[in-house]
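The basis for the numbers below is simple: all heavy atoms, side chains too, and nothing from hydrogens, waters or symmetry mates.
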Amino acid sequence: MTSSRLPKGGRIERSKSVRFTFDGKAYSGHPGDTLASALLASGITLFGRSFKYHRPRGVFAAGSDEPNALVTVLSGDVREPNVRATELEIHDGLVTQSQNRFPSLDHDFMAINQLAGPLFSAGFYYKTFMGPAIGPLRGTRFWMFCEKFIRRAAGLGKAGTAPDPDRYERMNAWCDVLVVGSGPAGLTAAEAAAGTGARVIIAEERPLPGGSLLASAETIDGRDPSVWAREKAAALAAMPNVRFLTRTSVWGYYDGNVLTAIEHVSDFKPNRTKGQPRQRHWIIRTGKTILATGAFERPMVFPGNDCPGVMLADAVRRYAVEYGVAAGSNVTLFTNNDSAYEAARALSLAGVNIVAIVDVRADVSGACRDIATAANAELLTGHAVTGTHAGKTLSSITVQHFNAETGRVSGAPREIRTDCLGVSGGWSPAIHLASQAGGKPEWDEDLQAFLPPEPNQNWVVTGAAAGYMDTISVLSDAATKGSAKSRLILPPVEAPMLDASPAPVFQIEPSAKSQKAFVDFQHDVTADDVRLAYREGFHSAEHLKRYTTLGMATDQGKTSNVPGLAIMADARGISIPEAGTTRFRPPFTPVSFGALAGERYGDLRPHRLTPMHDWHLANGAKMYEAGLWHRPMIYGSHGETVEQAYVREARAVRQSVGIVDVSTLGKIDIQGPDAAELLDRVYTNMFSTLPVGKARYGLMLREDGLAFDDGTTWRLGETQFLMTTTTANAGPVMQHLEYYLDCIWPELRVHLTSVTDVWAGTAVAGPKARALLEACVTGTKVDNDTLPFMGIVHGKIEGVPVMVCRLSFSGELAYEVYCGSGYGTRVWEALLTAGKPFDVMPYGLEALGTLRIEKGHVTGAEIDGRASAHDLHLDWMLSKKKPFIGSAMLGREGLKDENRLSLVGLVSLDNQAITGGSHIVTDARPREPADSFGHVTAACYSPALGKYIALALVKHGTSMIGNRAFATDLLRGRHCPVEIVSHHMYDPEGSRMHG
């Protein structure tokens, strides 16, 4: 194979040069080149080594269907393996290396695996797992011996260990119509949809729009088709209701017309501007999806079909027309359909020498013969390629007479000198996204390919993805599917009358086999492996896939699936649709972990920030994680300890007024005629009697009768409630409710929506809380008559609509103020401004915890999955008028045991801190205390009481009040004398809360 740059042509900037390296050697290309095209232009034919046998492999395709040319991209200490050279845009300073070879690509010691072919046949992993039945290495011992060698040899690229320094973004978008692909079908469908005024997003995985038109030799409207595509795309991008995303691969299709995509923002740039992300992950919610994803050319299976120089015919065309690169100095085409002739026409016009066209069909159309004649290529009909001659590059092929009806070859072999063989075995519509959306693909006998299933969501498939293989039909179909009201005037198309429907020939089997015939190039799966799977009983498409690893590589079987299924169907003596096909799963193309993680990296957990997060940081807040949220711990002054800070903040709340960010509380919007009935069933107390405009504290139990969560629920309308949950239990409570609605009470007419992120929340607490609100709330009064305890009013702060509910977690006169999350900081700052005359102070979670411990309110520390309502002194909330979740289990003997732990308070007797988690013991010995009869759930210094206090769960509960004990913490060396007191340690009558 002698590839080279053509003297003219291509869509590259020949006036500029780009320098890059491959395996340590410097090369140059032009802007617009991919790594594959630039290396081909430099005469490089060997790109990598195969998975199992380490056979030499060259570039095979020109896009996301490339199985061979995978490289590792290096950037400092960071390495990104398994990047397709066919999609990697070159830029100055790009450093790449080949994979799966040692010590070098030209001289790979592991190529010795080719001599052990039978040992690596289908299922060899499973057979190795079983091991031999004789000798010392019986059973799994043999596998344990082999495992380290297999793991060392397996795989493709080597993953890096250095941290990824790049920045990634996540985006959410909504549109009326999402068009996937911007070939002739995508552009036409988008134009039709946009013409109706619909909001349209077009996603194109390549840098330039146009799809198949970029390498076409046709004319559209009298112009080069790439020019027509460029002008059409520019006109669409200029429309106010159209967003055009290039370098954006849609990789997943999910329920509810939700699709995911990766936009390559700056991978192709040598220098990124400050703050620019490398990639952007899109989640797109659309009313309608138009899949204009095109089709993949597939190869034919014949001996020696994997050597460098054997490529897809369309790829040979694309390199010539799009990149100005001749994949060989003497090109031969091998086909079972007419599309190879269109490739021959385009190659001839680009100046590529075509030696011969080998066609398995005995007769071809006059248009095909005319193209062969014009290209000065020998036309061999009724022939097939039966072998190749190559070392590390193709030098010649062997052809013989072939009967497409019987599938047999005959006659004497003939050798043709050629350094590039372009193969076309027909076309497989890219139905991956349609298959992900649901449904079983349908077999088309004419195309010998699977077509998309019937839609089960609001989506359509158009163009080549729907089986239309000529440009005139594609444009007509796309205009109709883009909009039923379309009045587009379609342009005239000039093209030869060719038929892409192939002869049903998938494999060429010569009488004497001397070379392997590969089906899946990336995983080294041969035709013999497929037939071996049949002989060993793995007949179904799914079993075939897993036993041989056919279609399980990074290319997701884009070129190998249909040939593999055809060989299995032939072995079984059935048709391909009877053999069936596997279902495609996301991702359509590989997706980096960085893009999925988004802006933050460093751990595996997501980070959630409240709307006021930046204000907290700017004003000295020390943050820590509560659940998945980042929340202020304290607002520390210079030199203050954490204890000094939270004591100051808590004292300010007791004496004047403070505000705290409570946006993290779980919030669930509950609507429907049966909303009140649902709440009566899930809460222990009654909610159907709650008046509109009032809130009520509620307790949930699990089915076993133990406490699950608590919170307040607000009745906003006759059939609408807003439920609040603890921060950590927002997700579990939502799942709890959805489970019961979906599985237990499907007859209830209720709709749930998580609105935690919709509302920003601020709690205003302290004796002067009402005065603060009166100074800034407009549109409503907040006096005791208008806003009594557990009342709700609607008003405005700084012109922002707010909802205010009077409730207290601190034991003080307190309110919760909710507004739209986008206005959270504005309302927060307005409350601080209004509170300046009252010495308002923001406070963090430490102070909030101190206030609730003083008051004896419970949180997740006490509702730990083991405590009952009785244990927490919440039995007054257990309704006797109705059943509820967990009510049937409340009478269990274990829940009435007098030895159960129940809630009490503790006061330190030595004026030293009580540590959380300490065990409660009666023994004064610090090193060998007696058995524990309880434990501390939360502890703090109480500014209101002037003592260190704690909440604890102890045996016999309230009967222990007045006794003395010890809180022992052997890990921290604390053995603190304590007095057991009521858990209501501050204002037990609640006079301050109701003031």
| task | Salt-bridge test for Arg278 and Asp267: reply yes if a basic N is under 4.0 Å from a carboxylate O, no otherwise. | result | yes
TODO: Start with the C-alpha distance between Arg585 and Gln556, add both sets of side-chain angles, then the distance that settles side-chain hydrogen bond (donor to acceptor under 3.5 Å, both in side chains), and finish with yes or no.
DONE: CA-CA 9 Å; Arg585 295 173 294 185; Gln556 288 282 288; over 6 Å; no
- Query: Do we see a donor-acceptor contact under 3.5 Å between the side chains of Ser592 and Gln279?
  - Reply: yes
Would the number of heavy atoms belonging to other residues, nucleotides or ligands and lying under 6.0 Å from OH of Tyr624 be above 12? yes
(Q) Between Thr34 and Thr86, do the side chains contain a donor N or O and an acceptor N or O under 3.5 Å apart? (A) no
In plain terms, say whether Arg101 and Asp23 are close enough for a salt bridge, that is, a side-chain N and a carboxylate O under 4.0 Å apart.
yes
Does a side chain donor of either Thr549 or Arg546 reach within less than 3.5 Å of an acceptor in the other side chain? no
message = If the threshold is 4.0 Å, N to carboxylate O, is there a salt bridge linking Arg55 and Asp524?
response = no
Next item on the list: Taking only Lys NZ, Arg NE, NH1 and NH2, and the carboxylate oxygens of Asp or Glu, determine whether Asp306 and Arg57 approach each other closer than 4.0 Å.
Entry: yes
Please determine, by modelled atom types, if Thr248 and Glu204 share a side-chain donor-acceptor pair under 3.5 angstrom. no
His30 meets the ring pair (Phe, Tyr, Trp, His ring centres under 6.0 Å) criterion, sequence neighbours left out, with none
The residue among Arg247, Arg84, Arg206 that forms salt bridge (Lys or Arg N to Asp or Glu O under 4.0 Å) with Glu89 is Arg247
Point to revise | Under 3.5 Å side-chain donor-acceptor pair for Thr664 and Arg631 | key: yes
Task: Tyr635 and His616 side chains, donor-acceptor separation under 3.5 Å - done: yes
Q. Is it true that the side chains of Thr610 and Ser663 contain a donor and an acceptor less than 3.5 Å apart?
A. no
- Item | SB check Glu66 Lys558 (cutoff 4.0 Å) | no
For the residue pair Arg19 and Ser28, confirm or rule out a side-chain donor-acceptor distance under 3.5 Å.
-> no
message = When you measure from the side chain of Ser50 to the backbone of His54, do you find a donor-acceptor pair of N or O atoms at a distance under 3.5 Å?
response = yes
